[in-house]
Each structure stands twice: as C-alpha cells, then as structure tokens.
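Here's the structure, in structure tokens; my notes come after.
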Amino acid sequence: MKLSGAEIFVECLKREGVEIVFGYPGGVVLPIYDEIFKKDYFRHILVRHEQAALHAANGYARAAGKCGVALVTSGPGATNAVTGLADSYMDSIPTVCFSGQVPTAMIGTDAFQEADTVGITRSATKHNFLVKRVEDLALTIRQAFHIATTGRPGPVLIDIPKDVSTATCEFHYPEKVEMRSYKPVTRGHTAQVKRAVTALLGAKRPVIYSGGGVMNSRGSAELLTELMGKLNFPITQTLMGLGGVPYDDERFLGMLGMHGTYEANMAVSHSDLLLAVGARFDDRVTGKLEAFAPDAKIIHIDIDPSSISKNVHAHLPIVGDVKVVLGQILKELEAKGKQPDAEALKIWWHQITEWRSKDCLNFTQDMNGPIKPQYVVSQLHEKTGGDAIITTEVGQHQMWAAQFYGFKQPHRWITSGGLGTMGFGLPAAIGAQLAFPDETVIDIAGESSLLMNIQELSTAMQCKAPVKIAILNNGFMGMVRQWQEMFFGSRYSHSYCESLPDFAKVAEAFGGVGYRIEKPEDVGPTIEKALAIRDRFVLMDFSVTREENVYPMVPAGAGLHEMVLS
Amino acid sequence: MKHTISILVENEFGVLTRIAGLFSARGYNIESLNVAPTLDYTASRMTLVTRGNEKVIEQIKKQLNKLIPVIRVEDLTNQSHMERGMMLVKVQATEKTRAEVLRMAEVFRASVVDVSEASYTLELTGKENKLEAFLRMLEPHGIIEMTRTGPVGMRRGAKGFSVD
Ligand SMILES: Cc1cc2nc3c(=O)[nH]c(=O)nc-3n(C[C@H](O)[C@H](O)[C@H](O)COP(=O)(O)OP(=O)(O)OC[C@H]3O[C@@H](n4cnc5c(N)ncnc54)[C@H](O)[C@@H]3O)c2cc1C
Ligand SMILES: Cc1ncc(C[n+]2csc(CCOP(=O)(O)OP(=O)(O)O)c2C)c(N)n1
C-alpha cells in the first residue's frame, strides 16, 4: 500500500514503540501534525519552546529507559532545539529529534524559515540525516532509533522536507537494521577481563569510580552493587553516576571531583588501583591531570573507545557495555575463587574512615536564623524517603542536591552534567513525570535558572504533570557569585537578579500552586503539603541564605587533594 | 609526527563535511585529503595526511571510527606502504629554455600535457619528495602555476583494504 511521508512517520513511530512525542508545530511539519491528529498512535505533549521539547525528551528517556522523541518545525524551531540536542549529546542521552525542512526544491534558496539544520546540528548530535526521498524515510527512522539507543547513546536528528512528508511510496518497515559502518562492541575482551580481575585481587588501595555509563546500561547498577559488595571496595561516583549504588551503603564515599567529598577525593588521590566504570574522566572530576590518582593503575570500562585514554591514560582498557563487562568480571571472580587482599583492605578502610571523620558536608541549621539551602535538600530527602525523582537546574542548588539528597536507586537523578544547561530542570521534570505519572518528581532549582524556561509551567499545567519545583532562592546566580567571591575579589559583576518576580504568584498565574517559605520551621510542613497535591504542579520558593558557598571545592587547576573545605 | 591514514566511508552526502568538521571542532589539522569512490560505488576511500603526537593521532583514529558513516580506518604510517601524489605544473618556456625544461621532464619521467608558445604544462606522479625536487628544478625557469593532489596511499603486499 502507498503511504505518504507523514503516514510513514506515524507508522514507524508506532512500530518503534514510541508513547510520547514532545513537540511544537509550524508550517512545514503541518502534514505530519495532521497525521498525528488523525491516527492518535501516541501522546503528543505541546511544549512552549523547542529547547524544552528536547529537555523533556531527555528527562523522559532517563527516567523511562526509552528513547526520547521530539518534533520541531524548520528554521527557528530547529535552531531553538540546538541547546537541547547539545545537552543530550554531552550527557549521552538517547533521543531522536525530527525537524521539518523547506521543500527539497527550495533548499538553498534562503526560503522562508529555511536553516541549514543538518549543518547546524552536526556537531551537537551523534548523527543526523536529511531525507531527500520519501522512499528513504522508513529506513532512516529505523536507523536513527538504532543509532540513538545503542553503543554510546546520543541524540539523532532527522530533517524532513515538507514535500517528503506529502509524497507517497510503498511502505515497508525494515524489521532489522544492519549497518556495516556502525557495530558497537558490547562484550569485553576476555583476556583483558582476566587481567582486570587479577589486578583487582592484587590491589591494596582500590577505588571504584563509576559514572553515567552505569545509567546508560540498564540493569548494570545491580551488578555494580554486587561487585562492590563482593570485593568490599570503596566506591565513588561522578555527578552523572549518582544512584549507581545505594547512597547509604557504607562503601559509598559520595561524589568525587570539584564538589566531591573529602573522603572520595582523598581516596582517589591515594589509590593504587582505580576501576573506572562508564565514566569519562571529565575535567570537573580529575582536577589537575598530573595530580590525578598518580599512583593508580587504571582499569577503564567504556563502550566508546574515544573515551579511553582521552584525558587520563588507562593501563587496562576494556571496551564494552558496563552490564556485560561487569557480568564477565563477576563470573571470572567466581571462577578464580580468590578473595581480595583483606589485610591491605583493612588498613585502607581504616585510612578512609579517618578521612571520613572530617564530616566535610556537615552544616547546622539555626532554627531561628535564615533557611540554609542544604537544609531544604535534606528535608526534601526526609519527606520523600529518598524515593523521589530529582531533576535540577544548574548552579549551586544542583551541587547541594547532588551532595545532600541521597539516591537509593539508579535513574532517579536527572541533571545536566556535561553542558550544564540552565533551564534544563523544569522541562526534564515534566518528561520524567510523564514517564511515571504516580511518582514524586521534584525540580530542585535556582531562581535564575528557572527563569530560563519558566514558560514550561504552562506545559506542566496542560499535560497535568504534578511536578514539584523547589527554588533555593538566594537572589543571586549563586555559582557565579561564589566564583566571583573566591577568584575575582568579590566583585559581583552582573551575577544578581534584580526585579525577581514573586514566584508563588507566577505559579498561581499559570494555574498551579505557589508557596513562599521564609522560616526554617516552615520548610518541612510546606514540603509535606506540596507532596500531597497530585492534580497540579506546585512551586515552593524557599528564601535561603544569600551568600552560602558550595564546599568542599577543588579550585580550578588544582589537584583533587588540594580541595578547600570551608 | 606526520601520519597517513586510509579511511573507508559510505559514499553518501555530507561525509566529507563530517570529517572536515571533526578536525576543525577538535583542533586537529588536515595537511591533505583525497577522496574518490572505490570499485564498490557505495563506498569511498580517503587518504588523509595529518600531524600530531601519539596521543593526538590515537584520538583522531578513534574519533574517525566513531563517525557513523566511517567503515574502516587504517594508519599506514608504521606499516610498509606506498604513497603517490600527482602534480600539474605550468612552466615558462622561452626559445632558450624550452629544451632544458623538456630534458628535466624526461629525467623525472613527467609527461607534457599542454604546450603553448610561452609555456609547457607538465604532469608528474610520485612521492612527495620527488614532486618537491621537480619543483625545485623548474623554479629557475619560472613557474606560472601549479596544482597538486595530496598523496593517496596503500599498504604493500597482497592484503586489501575493503568493506569486509
Ligand atoms: C556546575 C557543575 C559542577 C560540576 N561538578 C562536578 C563534580 O564536582 N563532580 C563530578 O563528578 N561532576 C561534576 N559535574 C559534571 C561534569 O561536568 C560531567 O558531566 C560529569 O563528571 C561526567 O560524568 P561521567 O564521567 O560519569 O560521564 P558521562 O557524561 O555520564 O559519560 C558516560 C561515559 O560512559 C560511557 N558509556 C555510555 N554508555 C555506556 C555503556 N552502555 N557501557 C559502557 N560505557 C558507557 C560513555 O562512553 C562515557 O564515556 C559538574 C557539572 C556542573 C554543571
Ligand atoms: C544557559 C546557561 N547560561 C549561563 C550559565 C553559567 N552559569 C552557571 S551557574 C549560573 C548561575 C545559576 O544561578 P541560579 O539558577 O540562581 O542557581 P544558584 O547557583 O544560585 O543555585 C550561571 C549563570 C549556564 N550554566 N547555562
């Protein structure tokens, strides 16, 4: 049977198992929107800005473990989507974005709302396509989902000219995708796995350092927890890896890196073996490269060979999928039947306990003083039992959320790590909420970041996503102010927001519930009240200490062991 | 160090931009790049010459492999291989110098591809250093214009470089 491009689009999405598409219409995608209207195969969530469509798709993908899907129009629709694509690219989040394009005959003529979308998005996507013939559409969509979700995941964009959506052809859905140029390796090299196990068993001061790859590899967190338990090794995680093992396990040292814990950074700095699992040795993690784990033999498990030995030389690389390789390691450990060096580990744990006793995240909330941001995050943890899905914006509040929330499970922590995109948290929260309508989803926000995509309150209202927004409102671009205080002689150049709105009223104006909280004693009760509301979004505007700093902190360019504690 | 890399890619729209874009985005330099379809018209073969230390070259190879339409990447540098470039050079030829220019062409086994009252255009194929030497010899006669390809290269021996 002959189908139009637009019909092929909806048929293919249905077969890919797409349940939700985040989008915004415009001229050249109208044939597709018309087909969406007629077929009603999936839910379409109308966002208020295309950037938010991509962030929502990202939040959805990370919570649901599926591919996020977005649909935008040509020109400004596509350019608005670029930040969201770049964000998903940096954090390796599987998303497919469809953009409309002017008709093929008009490409290159500076037509109305024409942009070179494939050119603009080339370096912000894992791959992109311009479909020039309707006959190529089905296979391209199939390949796009395949590329987005396998190997190191990432965003893929498909640019569809208007005449391709209206032209017709025979529809064949390719059941299998085979690409001779794209075959990611998932199984680790057997000899390397054997060597790794020997190294693990011989280590005296080992540390496991896991990252976002554990989130990308569904089901691997259990194996990671098992391995940590079997070896009794300390573990630290990147910002992207939080939730990889339960936060309250004794072996979890907290996050490492610029705002990592004292014990995590000291342990890494003094380790003789570092097992890196799906982490990419980002500069926020390593600090000064020459001072990073100088005595450690480094084993690096990563599905992307280009992540290995990019910044830090790996002595023992294992290319493969985290879950598969951890399975191989556990099996090899079993087969060997040997135990790690218990005597050495005892001494090592003793040392770690001593570092830990610094209690570097300690803070006190004076119940008669102003609200501390750390206190709000701790209260959020307490009132949700640590079971909420947390998204964030970018800044100090993001670091406090990472340090103080405490994640029991994987896939409950959704933050913009690599690109650090302010305005990410609210749309991402909406995406996560749609994946799990009955769960509690909280965007821990800074007031400046929230203002970057606050229009999405309207989306939350329309799609009935009862997200909670907790603003840690310090009246500053706190993270910028902190740097200015520490490195620029406290000259607060343009890091404050004058004329902030009354956020509670803004929330109400959009149809949600808004609270302004000024006293520590009101923090807990307000959170409880907010959590009970399930039929609309709730915004809690916590007025917090204005000039609080995030500690510990490794100053830019310093080694991890040179962190400042207060 | 200079590296010559063979790349087999899908013969599709935009591949060249992806490769050029990768080099510019990551700050690698391309000294020369040659592209043409292979016997199998669905694939193209490139020979790329670049410079960098071991670490940089390693990343270049990994990043090239990571591009979706790239099928295979092979660094020829540390293997027994051959490289050939081609050059067209238009040189002044006066009554006095015509014979000498022709003699030079003969010595280098260059062929004459165009003749006018005031010039010869010569075609020469060979290794980089041979092309360089030829240019040096012609220079005194006055080179009007010159264009050359970067080298194309392949491994010596019976083994091929193909899709599978
Ligand atoms: C204000 C701010 C402050 C920050 N401070 C810190 C900080 O103090 N500490 C910190 O850790 N981060 C911090 N970050 C985040 C930082 O910028 C990086 O985003 C983060 O460190 C990267 O995490 P990752 O190494 O886990 O890599 P990711 O970006 O999550 O990459 C995942 C890695 O796993 C690999 N992978 C993917 N899928 C698989 C699979 N299936 N199998 C195997 N491997 C796979 C990928 O190839 C990649 O190498 C901060 C960010 C911001 C915005
Ligand atoms: C889109 C974007 N622009 C600029 C920045 C740089 N930046 C990083 S943190 C920050 C301040 C964030 O302020 P706020 O949202 O109030 O959070 P706080 O740090 O106060 O918790 C800025 C401007 C960024 N990360 N993203």
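Letters go in sequence order (proteins before strands), and every chain restarts at 1. Everything numeric here is computed off the predicted structure, so don't read it as measured data.
With a 4.5 angstrom heavy-atom cutoff, D304(A) touches chain B only via side-chain atoms. For K126(A), the parts sitting under 4.5 Å from any heavy atom of chain B are the backbone and the side chain alike. Using a 4.5 Å cut-off between heavy atoms, V163(B) touches chain A through its side chain atoms alone.
Nearest approach of S309(A) to K62(B), heavy atoms of both residues: CB-NZ, 4.4 Å. When all heavy atoms are compared, the tightest approach of R122(A) to T17(B) is NH1-CG2, 3.1 Å.
Put simply, the residue from E10(B), R72(B), E12(B) that forms a side-chain contact (heavy atoms from CB on, under 4.5 Å) with S181(A) is E10(B).
More than 12 non-hydrogen atoms from other residues, nucleotides or ligands lie less than 6.0 angstrom from CG of N53(B). More than 12 heavy atoms of other residues, nucleotides or ligands lie within 6.0 Å of CE in M146(B), so this atom counts as buried by the packing criterion. Counted within 6.0 Å of NZ on K66(A), heavy atoms from surrounding residues, nucleotides or ligands total more than 12; the atom is thus considered enclosed. Within a 6.0 Å radius of CE in M87(B), other residues, nucleotides and ligands contribute more than 12 heavy atoms. Within a 6.0 Å radius of NE2 in H81(B), other residues, nucleotides and ligands contribute more than 12 heavy atoms.
Of the possible polar contacts, none joining the Q63(B) side chain to the S306(A) backbone as a donor-acceptor pair under 3.5 Å is found.
R180(A) and T42(B) form a side-chain donor-acceptor contact under 3.5 Å, judged by distance and modelled atom types alone.
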Please step through side-chain contact (heavy atoms from CB on, under 4.5 Å) for the pair K310(A) and E58(B), ending with a clear verdict. CA-CA 9 Å; K310(A) 180 174 62 178; E58(B) 205 46 46; over 6 Å; no

Passes side-chain contact (heavy atoms from CB on, under 4.5 Å), R18(B) versus H127(A)? Steps please. CA-CA 10 Å; R18(B) 281 182 210 284; H127(A) 195 55; 3.4 Å; yes

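Separation of atoms CD1 (I71(B)) and CE (M179(A)) is listed at 10.0 Å; rounding is to 0.5 Å.
Annotation: side chain of H313(A) is not in contact with side chain of K55(B) (no heavy-atom distance under 4.5 Å).
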